[in-house]
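Comments concern the structure below.
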Amino acid sequence: METRKVQQVGGGTFTVSLPKEWAEAEGVTSGTEVEIHTHIDGTLAVRTAAREGAVDGAVTAPVATSEPAAVERAVRAGYAAGATELRLEAETGLSTDQRRALERAGRSLTGVAIDEGASEGTVTVRTLVDPGEVSVRQSVRQLRFVALSMHRDAVAGLDGDGMANPGDRDDQADRLYAMVERHLTRGLARLEELDALGLTRVELFDLWAVARELERVADHAERVARVAAGVEGHPEAAGAVDDLADQARAVVGDAVGLVVDEPSLDAAHEVLSARDRVRAEAVALERRLFEAAGADYRLARVLDSVSRTAEHGGNIAEVGLQRALRRARTEERAVAGE
């Protein structure tokens, strides 16, 4: 990094010289028009028009195999990469199974529309999400609700209560995470995306990190649901696991609040301490399960998912702790007049 002095010329205009190496690499000469972009975090960006649309442009993905999963992977990758238009090209057209995979992928992503197009061998997948109408913070809150409700019902399935099969809620969790991931990718490349979302790069990255952990909590809920469906006749052990799962979900819920709401150093440390308690109690409970006569080994698999759920909550709390430290430093600078 280098520093340059700002100068004042003419009728009060402030100027600063551009680095020669950057200008030559970008083809900037005297008279070249460049774009000046001010961002909400105070960043002033200078770029050439040639950089515009690097993420938004149409992307072509040749379909060279008849495997249906390849189509689904291409659609998901294009969505995550931030493309607004993905063209799938198959010389002989898409098979029936591939079209089903395409429709399945489209239903699993927010704001996706599929256009068969004029050519039989080309299908266009468009993403119509307007970042100005999206709240990533609210999407993460919604993902917290979905993941924790899935987890609660899955664990309740140990004693016959709740829903053993998460059903559509798992798809909803995947959709929410995919949308947050897409906005992160686009936000890293385009300041306009960040401004439309009303977030800085750091804030968007923090929210994505939380969404990633919540998506894994939802995966553990799905795993617990599968195991719980086959566990019978252990009400006391199931009750102990259920109690510990309540604590693990509290860790996750409180940790998310540190990022999507107000950060707090004290609260972050409390959540991390609660994570440690769940971890220790999970080890002790697992020992008791193995020592008990006739214990179902599958309960240990549920217990492992419960413990990992708390770990994911701890990961979120660490993001919240970092956010609280940044907030404290910003306040210190404000007081010092820096």
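Heavy atoms only: backbone and side chains are in, while hydrogens, waters and symmetry mates are out. Treat the numbers as computed from the prediction; the structure is a model and nothing was measured.
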### Side-chain touch Val140/Trp208, heavy atoms, less than 4.5 angstrom
no
### Task
Would you check, one step at a time, whether the test side chain to side chain contact (heavy atoms under 4.5 Å, CB included) holds for Leu158 with Asp242?
CA-CA 8 Å; Leu158 288 171; Asp242 197 357; 5.7 Å; no
### Query
Looking at CZ of Arg288 and CG of Leu299, how far apart are the two atoms once the value is rounded to the nearest 0.5 Å?
12.5 Å
### Query
Going only through I, L, V, M, F, W and Y residues with side-chain contacts under 4.5 Å, is there a path from Leu272 to Val259?
no
#### Entry: Nearest-0.5 Å distance that lies between atom CG in Leu265 and atom CZ in Arg323
11.5 Å
#### Entry: Derivation and outcome, side chain to side chain contact (heavy atoms under 4.5 Å, CB included), residues Val46 and Glu35
CA-CA 6 Å; Val46 180; Glu35 296 178 354; over 6 Å; no
### Task
Could you please spell out the steps behind the side chain to side chain contact (heavy atoms under 4.5 Å, CB included) verdict for Leu285 and Arg287?
CA-CA 5 Å; Leu285 180 54; Arg287 186 180 300 113; over 6 Å; no
### Query
With side chains defined as the heavy atoms from C-beta onward, is the minimum distance between Val202 and Arg326 less than 4.5 Å?
yes
### Query
Are any of the side-chain nitrogens in Arg216 or Glu213 under 4.0 Å away from the carboxylate oxygens of its partner?
yes
### Query
What closest approach, in Å, do Arg137 and Val260 show between heavy atoms, and which atom pair accounts for it?
CD-O, 3.2 Å
### Query
Would you find a donor on one side and an acceptor on the other, under 3.5 Å apart, between the side chain of Ser307 and the backbone of Leu303?
no
### Query
Are Val59 and Leu128 linked, directly or through other ILVMFWY residues, by side chains that come within less than 4.5 angstrom of each other?
no
### Query
Looking only at heavy atoms, what is the nearest atom pair of Val134 and His183, with distance?
CG1-NE2, 3.7 Å
### Message
If only side-chain N and O atoms count, and only distance matters, is there a donor-acceptor pair under 3.5 Å linking Ser108 with Arg76?
### Response
yes
### Message
Rounded to the nearest 0.5 Å, what separates atom CG in Leu184 from atom CG in Leu204?
### Response
5.0 Å
### Query
Just how far is it from atom CG of Asp170 to atom CG of Asp219, taken to the nearest 0.5 Å?
6.5 Å
Contacts under 3.5 angstrom, residues 8-25 side chains, donor-acceptor by atom type, not counting sequence neighbours:
unit_1, atom_1, unit_2, atom_2, d
Ser17, OG, Arg4, NH1, 2.7

### Query
Under 3.5 Å, is there a donor-acceptor pair between the side chain of Thr185 and the main chain of Ala80?
yes
### Query
Would Arg169 and Asp153 pass as an ion pair if we require N to O under 4.0 Å?
yes
### Query
Can you tell if the side chain of Ile316 reaches within under 4.5 Å of the side chain of Leu258, non-hydrogen atoms only?
no
### Query
Judged by atom type as modelled, is there a donor-acceptor pair below 3.5 Å linking the side chain of Arg186 to the main-chain atoms of Gly82?
yes
### Task
Using a 4.5 Å cut-off on heavy atoms from C-beta on, say whether the side chain of Asp130 contacts that of Glu133.
yes
### Query
What pair of heavy atoms forms the shortest contact from Ala101 to Pro68, and how long is it?
CB-O, 3.4 Å
### Message
Between Asp276 and Arg279, does any side-chain N to carboxylate O distance fall below 4.0 Å?
### Response
yes
### Within-4.5 Å side-chain heavy-atom neighbours: Arg212 and Asn315
no
### Query
With the 4.5 Å side-chain cut-off for hydrophobic clustering, are Leu321 and Val278 part of the same group?
no
### Message
Quick one about His220 and Arg308 (side-chain donor to acceptor, distance below 3.5 Å, no hydrogens or angles considered), yes or no?
### Response
no
### Query
Is the count of non-hydrogen atoms from other residues, nucleotides or ligands lying under 6.0 Å from Arg175 atom CZ greater than 12?
yes
### Query
Side chain of Glu103, backbone of Arg100: donor and acceptor closer than 3.5 Å?
no
### Query
So, do Thr122 and Leu88 sit near enough that their side-chain heavy atoms are less than 4.5 Å apart?
no
#### Entry: Charged N-O contact under 4.0 Å between Arg87 and Glu85
yes
### Query
Can you get from Tyr177 to Leu188 by hopping between Ile, Leu, Val, Met, Phe, Trp and Tyr side chains that sit under 4.5 Å apart?
yes
### Message
For the backbone of Ala83 and the side chain of Arg182, can you confirm whether one donor and one acceptor N or O come within less than 3.5 Å of each other?
### Response
yes
### Message
Nearest 0.5 angstrom please: His151 NE2 to His312 NE2, how far?
### Response
9.0 Å
### Task
Look at the side chain of Arg144 and the backbone N and O of Gly253, then say whether any donor-acceptor pair between them is shorter than 3.5 Å.
yes
### Task
Using a strict cut-off of less than 4.0 Å between a Lys/Arg side-chain nitrogen and an Asp/Glu carboxylate oxygen, indicate whether Asp254 and Arg249 qualify as a salt bridge.
no
### Task
Would you name the heavy atoms of Val271 and Val251 that are closest together and state the gap between them?
CG1-O, 3.7 Å
#### Entry: Distance (rounded to the nearest 0.5 Å) between Asp246 CG and Leu148 CG
11.0 Å
### Query
Shortest non-hydrogen contact from Pro263 to Gly320?
CB-O, 4.3 Å
### Query
Do Tyr79 and Met179 touch side chain to side chain, with heavy atoms closer than 4.5 Å?
yes
#### Entry: Side chain to side chain, Val129 and Thr84, heavy atoms closer than 4.5 Å
no
### Nearest atoms (heavy-atom pairs only) where Ala74 meets Leu86
O-CD2, 3.4 Å
### Message
Looking at Arg327 and Glu262, is there a salt bridge between them, counting it only when a charged N and a carboxylate O are closer than 4.0 Å?
### Response
yes
### Query
Can you find a side-chain donor-acceptor pair between Arg141 and Gln138 that sits under 3.5 Å?
yes
### Task
Salt-bridge test for Arg73 and Glu67: reply yes if a basic N is under 4.0 Å from a carboxylate O, no otherwise.
yes
### Message
I'd like to know if Asp304 pairs up with Arg223 as an ion pair, taking the criterion as any Lys NZ or Arg NE/NH1/NH2 lying under 4.0 Å from an Asp or Glu carboxylate oxygen.
### Response
yes
### Task
Given side chain to side chain contact (heavy atoms under 4.5 Å, CB included), test Leu194 with Thr200 step by step and report yes or no.
CA-CA 6 Å; Leu194 295 170; Thr200 65; over 6 Å; no
